Amino acid sequence: MVVIGLYITRYGVGIGRYTINLIYGPIAYFFLALAGLLVIESIHRRLDVSPQNVIRQYKEFLLIVTLFTIGTLITTYNVWTYYLDVSVIIFIIGIAILWSVLWIYGVQARDGGFTSHLIVTLSFTLGLLYATILNGPQIPIYAILFFLTVSFLQLAREIIKSKTRNAATGKENSSIENKEDQNLKNVLGSLFLSLTFLIISIFSGICNPIFYLYFMLAVIFFMGFAIVRCWQSFRDRRNLRHVPLFLWFGILFELIAFILAI
Amino acid sequence: MNSDGLYAQPGRVYLGENLTAAANLSILNSLRRIYNYEDCMDFEMNSLIRLLYLDINKSHVSSAVKDQVIDAFGRGKYWYTEPSRDTAIFFTENHQILYHTVELLVGQLFPNDTFTNSGMNGTAHVIHATPLVLRWLNWRAQFGFSEYHSNVYLNQDIVALVNLVDFADNEEIATKAAMILDIIAFDFAMNYYQNRYATSAGRTYDNKKVGTSMASPAGRDSTTEAAWIMLGIGNHTPGDANNLAAVALATSDHYAPPLILEAIANESLLFNEHKERNGLAVSEGPMYELSYTEADMMYWWGMMAYLIPETIDETYRILKHYNIDPMTACGPQILLDLFKFLAALKGQPLSVYIESLNLITGGVCLENANTYTYRTPYYQLSGVQDHQKGMNSMQEHIWQASLDDHAYVFTSSPGGLTKDFDALWVGGWKPRATLFENVGVIQYDRQAMPLEAEILIFLLNLFTGMKFYNHAYFPRWAFDEVVSVGKWTFGAKNGGYIALYSYEPATWKSNYELQVKGFKNAWIVELGSVEEYGSFTNFTGMISQSRVQVTPQAVGYDVRYVSPSQGLVSVAWDGPMTVNGTVIDLGPYARFDNAYCYQEFGSDTTIIEYDNKRLELYFHNATRFYQES
């Protein structure tokens, strides 16, 4: 996502800075994202109250901090050496706050499931915004719309994947059926939001709307299938079986659409 | 006349010598190109037509050879509008005048004979060529040369012009051709340094700019012999006996540069500051009543403006209408088809789509070049100011700092679309070069392009020599002394000194190449001499201690350099260049602006004055007037 983010905001940036960002950006964000993914582990470990977890929690916390610090140091070096805007550092601080808030929420609300999906999603998609800020402090509107589009789609996919995994391992049972219905509603909501931002993006001043349209239609096809299947799964959960795969194709075509749009 | 090469033979005839068997063979071998309509047959044709004219009423060329030559001319092709699809290139600025000239002169010589390819007789060819010749001459008079300062192609222009002066029946053509020759001679006087056309160039080649050792220096500029004949500058070499322009000038009874030009050339050896402008920007066409239709397309094609929004549709139409092989103009057919395909895919007209590739398709255009030259007895700094920065170039050479024939320095950023894919020193990505007197700041960077262009450029760079760097030509073998201090590299030669600064780390790749990884860099050059600094040690000490502040920007840099000789030099990627707070004129320049001539750009009157001499060139009524009071 970092590479895509850099690519879609490359105009107005010289090839020299662009190349430097291509080198440092993905590396730095890798550590920031990894720290986020470890936050999920930390949440789950906190939710497990067994005593032997205390030392592991401490080590995990240190690892999260170390990884995040590495990502921050690489970013800071890039900013300092190549005179990037200070908004990059502010963005990093924002990610740190976000991971912290989500950790607290996950632990306090004892909701490791949804929080995990959110963190996984944002670990993937925030890279796009991070990259746009590397190229310049002003984030184009289409970049924000792309971010929202892929985030909601990814979130929907994460929830569905989790559900199909649970169904396969037999974790689902009728006692939490209401919660499963709520999850499905969340998925449908995410898909509709993603669809909305996908369509709005074509009007956001992108360079190649025709190219974008071709792949947007493909994404709509895959998302449409997913929406129908999700709707049908209220009656029969087995309808969810191929939905993650379709959403994966949806994300793939969405990323291609982003690349060709600019 | 010690050469049996084709181009030398008019010299033999002029001197009243018969041609040798080897010379005859050279002539006959050259006819193959003409029969096969091969590229550069016009070079041969101009030499051969000169031979025929000089041999009129003489018999130094045997009848058998002469008959063969005449036969080849009779079957020749003189313009792209004639039938046959071939590899001949008609469209560059020098090819245009070469073909127009030979068409006119052959038509004059054989007025009643029918030319087999065109089906026209000689008189019809004269009628066809006359307005084309005049058009070309008038364009040069008003706008200068798109192939500005070319150390290769001005040589071809000279032979055509001398042929016109000597043999054209049309007096207006003969006079205007002489006037253009005067302007070329003046250009040599302004920009030559010792034996080198030591300035920027619209079209040149690696082998004319780069030498690897004293035993293998850069090739002699093709124009140097002509400059020596016209002005007495530089030196003569017998090895140039087969030089097209030199032989034409040496055998001309009707053209000699006015003495004022030789006087200026000698006077300005010690000091010269010169600005000039050559060529138009594409957008300026309507301002000078040039359309983007076929009527004026040769101006645009002459500056390689084939694939730009204003001309692309007409280019496609002309290529198709006349069944022209696009490789002879703007590239392979598959490339043209790809552009059409991508435009259709994006739902855009071709002229809108091609705008997105402007860094390449616009960059290769030889648009208005504002060149600056500063010369002292010890060095010359010359270049084209702030010219299409960040754009791709086929063969341009942007700037040069010269201490002598071999000890000169310049930088380049190879890659992209170049005329020769193995070119490493000319062409490539153009910097923002900003020069003032003895100091220059040269920044390399460029903006991003559409995905398909970036992929193409990446693959070209990858497979044509891993061109992911920028570099400096700094031939250590040519200098008396070379030292490096920090980011500075210094050279000394014959009392002249040069200092070159690289913001990014530079390493020696050979005894003439300083290489820097990446496409972005800022170079600073400063020249000095023993008169200004005393010893070389003092020069290196003062320069290396001077303050340099280079701040990377999103594109390019913000450079602030405290020069020991000039004070604070400040320039960024955009915006003015200032020296001690004074804004430096980076153009657009007048056509000529120096101590001897001031001519507004676009005007067709050139007046050159020096001492008690005055040369007046009035193109609008073909009047060439010279006086010494």
Side-chain angles (χ1 to χ4, degrees), chain A residues 3-25 77-88 131-140 143 202-203 205-218 255-262, chain B residues 341-349 352-353 355-359 389-392 413 415-416 428-429 431-432 443-455 457-458 461 467-470 503-505 516-522 549-558 572-574:
Chain A
V3 173
I4 293 174
L6 288 171
Y7 178 77
I8 65 173
T9 54
R10 68 194 186 285
Y11 291 121
V13 177
I15 196 73
R17 172 167 290 186
Y18 181 65
T19 308
I20 295 292
N21 287 344
L22 268 178
I23 296 170
Y24 288 111
Y77 173 79
N78 192 14
V79 169
W80 180 262
T81 309
Y82 298 102
Y83 294 84
L84 303 190
D85 194 83
V86 71
S87 56
V88 180
T132 63
I133 287 184
L134 281 181
N135 273 351
Q138 289 172 323
I139 305 178
I202 202 172
F203 303 106
I206 56 179
C207 301
N208 303 311
I210 304 292
F211 266 173
Y212 182 79
L213 181 66
Y214 301 145
F215 290 90
M216 183 188 88
L217 292 174
L255 296 179
I256 295 172
F258 295 166
I259 292 169
L260 295 179
I262 308 298
Chain B
F341 172 71
L342 288 169
L345 205 58
K346 290 190 175 183
Q348 295 172 339
V352 171
Y353 169 71
E355 177 76 36
S356 67
L357 304 178
N358 190 52
L359 287 188
K389 62 190 180 199
M391 298 176 87
N392 191 211
S413 178
W429 298 98
R432 187 184 197 209
Q443 304 176 59
Y444 288 92
D445 202 352
R446 69 166 171 89
Q447 305 236 12
M449 294 183 289
L451 181 62
E452 62 272 23
E454 292 287 356
I455 292 173
I457 295 303
F458 175 77
N461 288 347
K467 294 172 186 165
F468 302 107
Y469 58 87
N470 62 94
Y503 173 68
E504 297 291 345
V516 173
K517 288 197 193 337
F519 303 108
K520 184 174 181 176
N521 196 17
Q549 184 183 324
V550 180
T551 308
Q553 307 291 295
V555 189
Y557 298 89
D558 187 351
W573 183 254
D574 294 308

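All values below come from the heavy atoms of this structure, side chains included, with hydrogens, waters and symmetry mates left out. Numbers restart at 1 for each chain; the letters A, B, ... are given by sequence-line order, proteins then strands. Remember, it's a predicted structure, so these values are computed and weren't measured experimentally.
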**Asked** CD of Gln138(A): more than 12 outside heavy atoms within 6.0 angstrom?
**Response** no
Would you say the side-chain atoms of [X] pair up with the backbone N or O of [Y], donor to acceptor, closer than 3.5 Å?
{"X": "Tyr7(A)", "Y": "Leu451(B)", "value": "yes"}
{"X": "Asn208(A)", "Y": "Lys346(B)", "value": "no"}
{"X": "Gln447(B)", "Y": "Gly14(A)", "value": "no"}
{"X": "Tyr83(A)", "Y": "Ala554(B)", "value": "no"}

Region of [X] in contact with chain B, defined by heavy-atom distances below 4.5 Å:
{"X": "Leu84(A)", "value": "neither"}
{"X": "Tyr11(A)", "value": "both"}
{"X": "Ile259(A)", "value": "side chain"}

Interface check, chain A: of Met449(B), Gln553(B), Arg446(B), Lys520(B), most non-hydrogen pairs under 4.5 Å belong to Arg446(B)
Ranking Gly390(B), Pro450(B), Gly347(B), Ser356(B) by heavy-atom pairs under 4.5 Å to chain A gives rank one to Pro450(B)
> Heavy-atom distance under 4.5 Å between the side chains of Ile210(A) and Gln348(B), does that happen here?
Replying inline: no
Would you check if Thr19(A) and Phe468(B) make a side-chain contact, meaning some heavy-atom pair closer than 4.5 Å? no
Shortest non-hydrogen pair, Tyr214(A) vs Leu345(B), comes out as OH-O, 2.8 Å
